[in-house]
Amino acid sequence: MENIITRLPKGGDLLLSLNQVCADNKVTRGMVQLIGAVEFATMAYYDQDKQAYETFELREHAEILSCTGNVSLKDGAPFCHMHIIFGGRRGACVGGHLMPGSSVFAAEAVILPLPGKELARGFDEPTGLPLWETW
Ligand code: ZN
């Protein structure tokens, strides 16, 4: 499978657009790397004690300094698990686990499909997270 080099549409949802690119290209396992900028963003922090995501928002324009993650199957569909660091006007950073609810200003993504059998997520009791079933 060829590497995918793509630009995400302005105003689109960053995470959902990535998931869609993977679905369109039938990527079931791989790596993702992306840089660009957002109009606003939604992230999450996983509270290990509560075993629950706490979401938080960035309500300003920001650079995507680094956004990296992986692709596997969740509930039968390609799912990008992405972590992201944003930079503001003076370089201050904030980051977290990328959630739906982030609006693309510009985004250049490289998706590297990895050979091998499908990589699927399932519920992991010790962490409460949907983790890889094979490792
Ligand atoms: Zn995460």
Side-chain angles (χ1 to χ4, degrees):
M1 186 176 275
E2 284 203 25
N3 299 336
I4 298 164
I5 299 174
T6 190
R7 194 161 68 85
L8 303 180
K10 184 177 185 295
D13 185 282
L14 179 57
L15 182 60
L16 301 182
S17 296
L18 273 179
N19 288 345
Q20 189 62 52
V21 169
C22 290
D24 291 346
N25 289 278
K26 299 181 171 43
V27 179
T28 59
R29 53 188 279 159
M31 300 167 59
V32 182
Q33 188 269 336
L34 179 150
I35 56 172
V38 293
E39 297 170 316
F40 57 85
T42 305
M43 292 162 277
Y45 167 84
Y46 190 69
D47 185 313
Q48 297 177 16
D49 295 323
K50 295 177 184 168
Q51 295 200 346
Y53 279 107
E54 295 175 2
T55 61
F56 58 99
E57 296 175 346
L58 179 65
R59 288 285 159 207
E60 59 192 62
H61 299 170
E63 300 286 329
I64 302 170
L65 302 181
S66 179
C67 182
T68 184
N70 55 58
V71 188
S72 55
L73 293 175
K74 186 177 173 190
D75 302 324
F79 169 79
C80 296
H81 179 195
M82 304 301 299
H83 286 190
I84 192 162
I85 302 169
F86 294 103
R89 188 179 299 274
R90 306 286 293 178
C93 294
V94 62
H97 171 101
L98 181 63
M99 298 292 282
S102 302
S103 182
V104 171
F105 179 75
E108 298 171 339
V110 177
I111 301 169
L112 305 178
L114 296 173
K117 64 181 180 132
E118 288 183 351
L119 182 60
R121 293 182 177 277
F123 181 72
D124 178 68
E125 185 75 40
T127 62
L129 288 165
L131 297 181
W132 291 338
E133 291 174 329
T134 51
W135 44 293

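Both ligands and their constituent atoms are indexed starting at 1 by order of listing.
- The side-chain heavy atoms of Asn3 and Pro113, taken from C-beta on, include a pair separated by under 4.5 Å.
- A donor-acceptor contact shorter than 3.5 Å is absent between the side chain of Asn70 and the backbone of Gly30.
- Asp24 CG to Asn19 CG: the interatomic distance, rounded to the nearest 0.5 Å, is 11.0 Å.
- Ring-plane geometry between His81 and Phe79 is classed as parallel, the angle between the planes falling under 30 degrees on a 0 to 90 degree scale with a further cut at 60.
- Under 2.8 Å from the Zn ion (ligand 1), one finds the following protein N/O/S atoms: His81 NE2, His83 NE2, His97 ND1.
- Two rings, from Tyr53 and His97, have their centers less than 6.0 Å apart.
- Here NZ of Lys10 is found 7.0 Å from OG of Ser103. Values are rounded to the nearest 0.5 Å.
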